There are 2 protein chains.
Amino acid sequence: MVRLGREKQPPEVAIGLDIGGTKIHAGVIDRDGTILHMVGYPTKTTDMPLIEHIKQIAGEALDWQRNAMAEAKVIGIGIGTAGQVEWPSGIIRYASELLPNYTGTPLKEIITSAFGLPVIVDNDVNVMAITEARLGAGRNVQHMVGLTLGTGVGGVVVANGAILRGKWGGAGEIGHMPVDFKGIPCICGGIGCLEQYASGTSIAARYHERMAAFGETADSPPDTREVVRRWLAGDTAAIEVMDDAFRALGAAIAGLMHLYNPELIVIGGGLADIGEPLLSCIRKEAYARAMPSFAEGVPIVRAASGNGSGMIGAALQLWEYR
Amino acid sequence: MVRLGREKQPPEVAIGLDIGGTKIHAGVIDRDGTILHMVGYPTKTTDMPLIEHIKQIAGEALDWQRNAMAEAKVIGIGIGTAGQVEWPSGIIRYASELLPNYTGTPLKEIITSAFGLPVIVDNDVNVMAITEARLGAGRNVQHMVGLTLGTGVGGVVVANGAILRGKWGGAGEIGHMPVDFKGIPCICGGIGCLEQYASGTSIAARYHERMAAFGETADSPPDTREVVRRWLAGDTAAIEVMDDAFRALGAAIAGLMHLYNPELIVIGGGLADIGEPLLSCIRKEAYARAMPSFAEGVPIVRAASGNGSGMIGAALQLWEYR
């Protein structure tokens with residue numbers, strides 16, 4: 001075959017779908033990670049099953065592309081979802097009651113047959129590692145550990161430039177790394193998991209326990225945001241709760257350095273929005289607890305932030321795994 | 001080139017060198033992992049530097065081969081050594097005072113120039129994973145976690161069929177995974193590392209502390225072997241110490257399941273010689289603390305045992321990384 005010059009290719013886009021416990025976002029994303037269009041809905045619906053709701057939201061993003069950007073080629077649908085995802089089958093191995101009837105859903109298969117496009121499904125934290133590797137601190141990094149500190153604690157591990165998956169795709173479940181083997185029972189059935197000390201939910205819960213122990217009451221108990229505000233303002237109880245969170249996180253991160261020997265630690269999730277006051281406390285505890293041979297030259301940095309990071313990573317999977 | 005039948009090849013052997021804190025073993029090993037000859041010496045020498053001692057022991061194994069098995073071809077020297085090893089350079093990144101002046105030794109380079117043979121150096125726990133994969137429960141397993149419970153606690157992780165190494169080869173340092181972030185200070189500088197609860201040394205130390213707390217004295221405090229004997233005989237203090245070790249180990253193994261999503265957990269080291277009474281207690285705690293989606297169908301088994309497992313794995317590296 002003789003090629004006479006380069007043919008003009010249509011611009012490529014992918015649909016990115018971020019399915020969280022609270023919200024579902026869908027976007028039309030180009031290969032640079034630019035959001036060309038996005039829509040968002042609460043996860044909870046009363047008028048249809050969750051899977052129909054997901055299909056409808058994905059369809060809405062595709063409709064926008066067809067109307068507003070018909071010259072582009074949609075190369076597929078990338079999904080980052082809450083819950084445990086079997087890789088590469090894209091079956092939901094386990095999801096909490098925030099996503100009703102979601103456990104066991106063959107998500108990849110359902111979305112593939114609904115739209116007739118290539119579909120890649122991973123968990124919501126793993127896809128953030130792709131955003132990080134493409135647009136954040138993870139560029140040119142072969143070995144990385146990422147933690148998301150939000151409602152829960154999520155994790156992702158990159159080893160030799162690829163997401164570490166293990167037997168069925170569950171590797172990197174950092175929130176359920178025990179840091180206190182005689183500690184607080186965890187909703188997962190374990191004891192003393194990191195999530196019980198360092199998630200937003202737990203920080204608020206630990207603060208409420210302390211208030212109750214001192215006989216304090218409040219009409220509406222302070223949420224995580226308020227506990228953090230009090231911590232920054234010097235409230236003693238808030239300082240104690242946050243110090244515990246930092247010690248638990250520091251222990252976990254030191255352990256992760258010893259277990260994965262990464263080049264970089266990235267902290268994301270809602271709590272990371274606190275920025276330097278949070279990061280400097282985490283760094284202090286982690287570096288003090290890690291062996292110098294593992295900790296030296298390993299930065300602990302904030303994740304590429306901003307809304308849509310999960311949705312972007314979800315879409316970028318289409319190019320990543322091409 | 002035309003080949004008229006298969007030429008007869010000389011049998012291949014490799015020298016395996018196991019450098020521990022107490023003893024150094026060298027052997028002549030064939031590709032099936034059979035020990036054809038072995039020698040052993042205490043690590044400690046008074047009459048020469050450690051590195052000269054190592055060379056002498058390797059030389060002795062090579063002399064045996066030259067005299068007793070001259071028809072064989074020595075394809076190289078494989079070393080499994082205590083301490084932290086940079087991979088693949090074979091430089092000792094860190095070693096404790098059990099191996100004096102060992103930190104910083106370019107071991108691979110020194111042994112290569114001394115003998116003019118290919119040399120592969122890894123840490124003593126990583127090479128055991130090769131023995132396990134070739135001769136033990138790790139056959140046909142792509143994702144495995146190994147723990148050695150001995151003087152210390154060692155670890156190795158196999159992911160996608162290869163030893164997980166990370167940035168410089170340090171990954172899998174399971175003994176320094178914190179399981180109690182407000183717990184016992186560790187010799188590594190960390191706090192509450194698994195090794196402080198589940199190593200032979202720590203089990204004896206915790207038992208001595210308990211004796212002291214109850215005002216008991218002994219001319220020679222019981223060693224790990226004796227604490228284990230008392231545990232099996234129903235001694236209350238020994239049961240308490242061992243139960244703590246099992247809880248810590250169970251927490252760590254549950255965490256390792258969540259972090260690496262392995263197909264198999266293998267337990268080796270001196271304590272594994274206790275066999276089923278030990279393994280059943282570890283299994284009980286680990287399975288109770290792990291999420292079912294991660295623990296189901298993941299056996300916790302004893303490592304391919306017997307002396308020489310490290311030395312065999314050290315030698316097998318030559319065929320493994322060919």
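Computed over heavy atoms, backbone and side chain alike; hydrogens, waters and symmetry mates excluded. Order of the sequence lines sets the chain letters (A, B, ...), proteins ahead of strands, with each chain counted from 1. Since this is a predicted model, take the numbers as computed values, not measurements.
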For this session: Can you tell which part of B:A288 gets under 4.5 Å to a heavy atom of chain A, answering side chain, backbone, both or neither?
Result: backbone
Seminar exercise, completed: If one checks every heavy atom of B:A159 against chain A at 4.5 Å, the contacting part turns out to be side chain
For this session: Count the heavy-atom pairs under 4.5 Å between each of A:G169, A:A171, A:G255 and chain B, then report the option with the highest count.
Result: A:A171
Seminar exercise, completed: Checked A:G155, A:A252, A:G172, A:G189 vs chain B; the most non-hydrogen pairs under 4.5 Å come from A:G172
Exercise. Above 12 or not: heavy atoms from other molecules or residues under 6.0 Å from CG of B:N101?
Worked result: no
Seminar exercise, completed: Shortest non-hydrogen pair, B:R165 vs A:N261, comes out as O-OD1, 3.3 Å
Seminar exercise, completed: All heavy atoms of B:S293 vs all of A:Q84, minimum pair found to be OG-OE1, 2.6 Å
Based on non-hydrogen pairs under 4.5 Å, which of [options] is most in contact with chain A?
| options | value |
| --- | --- |
| B:P178, B:G190, B:C188 | B:P178 |
| B:M257, B:Q142, B:E263 | B:E263 |
| B:A254, B:A251, B:C193, B:P262 | B:A251 |
| B:L256, B:D244, B:I174 | B:D244 |

Problem set entry | Structural part of A:L164 lying under 4.5 Å from a heavy atom of chain B | side chain
Exercise. Which bit of A:R247 comes within less than 4.5 Å of chain B, counting heavy atoms only: side chain, backbone, both or neither?
Worked result: both
Exercise. With under 30° as parallel and over 60° as perpendicular, where do the rings of A:F181 and B:Y197 fit, or are they tilted in between?
Worked result: perpendicular
Looking at side-chain heavy atoms only, is the closest gap between [X] and [Y] below 4.5 Å?
| X | Y | value |
| --- | --- | --- |
| A:V179 | B:D180 | no |
| B:E173 | A:M291 | yes |
| B:M177 | A:H258 | no |
| B:H176 | A:L259 | no |

Look up atom [atom1] in [X] and atom [atom2] in [Y], then write down how far apart they are to the nearest 0.5 Å.
| X | Y | atom1 | atom2 | result |
| --- | --- | --- | --- | --- |
| B:R289 | A:C186 | CZ | SG | 12.0 Å |
| A:R93 | B:F294 | CZ | CZ | 8.0 Å |
| A:K167 | B:H143 | NZ | NE2 | 10.0 Å |

Exercise. For the ring pair A:Y260 and B:Y260, is the centre-to-centre distance below 6.0 Å?
Worked result: yes
